[in-house]
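Here is the structure we will look at, set down as structure tokens.
Every heavy atom of this structure was used, including side-chain atoms; hydrogens, water molecules and symmetry mates were not.
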Amino acid sequence: MGLGGCIILIAVGAILTFATDWDMQGVNLDLVGVIFMIVGLIGVATFSSIARRRRVVVPSTTPVIDEERHHHRDGYGGV
């Protein structure tokens with residue numbers, strides 16, 4: 001489930017908890033909405049921690065050669 005799915009879960013949970021007054025026998029829609037919001041928040045936290053790990057930049061191990069400092073002669077008097 002991606003970030004979009006988590007946000008949809010949070011939105012649906014908020015709608016069920018705060019914006020509806022339906023009564024279903026045997027189902028507490030307020031509790032279902034709160035559960036959806038909690039699962040969505042856990043998903044957002046998990047997704048962001050995974051995305052943060054992917055963005056870690058590993059420094060290059062290739063040596064950098066400064067051309068201005070390393071002059072070598074070609075044998076004919078030129079540089």
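Under the side-chain contact (heavy atoms from CB on, under 4.5 Å) criterion, Leu41 pairs with Ile10, not counting sequence neighbours. In this view, Ile8 and Val12 satisfy the side-chain contact (heavy atoms from CB on, under 4.5 Å) rule, not counting sequence neighbours. Residues forming a side-chain contact (heavy atoms from CB on, under 4.5 Å) with Ile7 (at least two apart in sequence, or on another chain): Leu3. Listed by chain and number, the residues in a side-chain contact (heavy atoms from CB on, under 4.5 Å) with Asp30 are Asn28 (sequence neighbours excluded).
No continuous path of hydrophobic side-chain contacts links Ile15 to Leu31 [ILVMFWY only; heavy atoms under 4.5 Å].
For Thr17 (side chain) and Ala14 (main-chain N/O), no donor-acceptor pair under 3.5 Å exists by modelled atom type.
When all heavy atoms of Phe36 and Leu9 are compared, the pair lying nearest together is CB-O, 3.6 Å.
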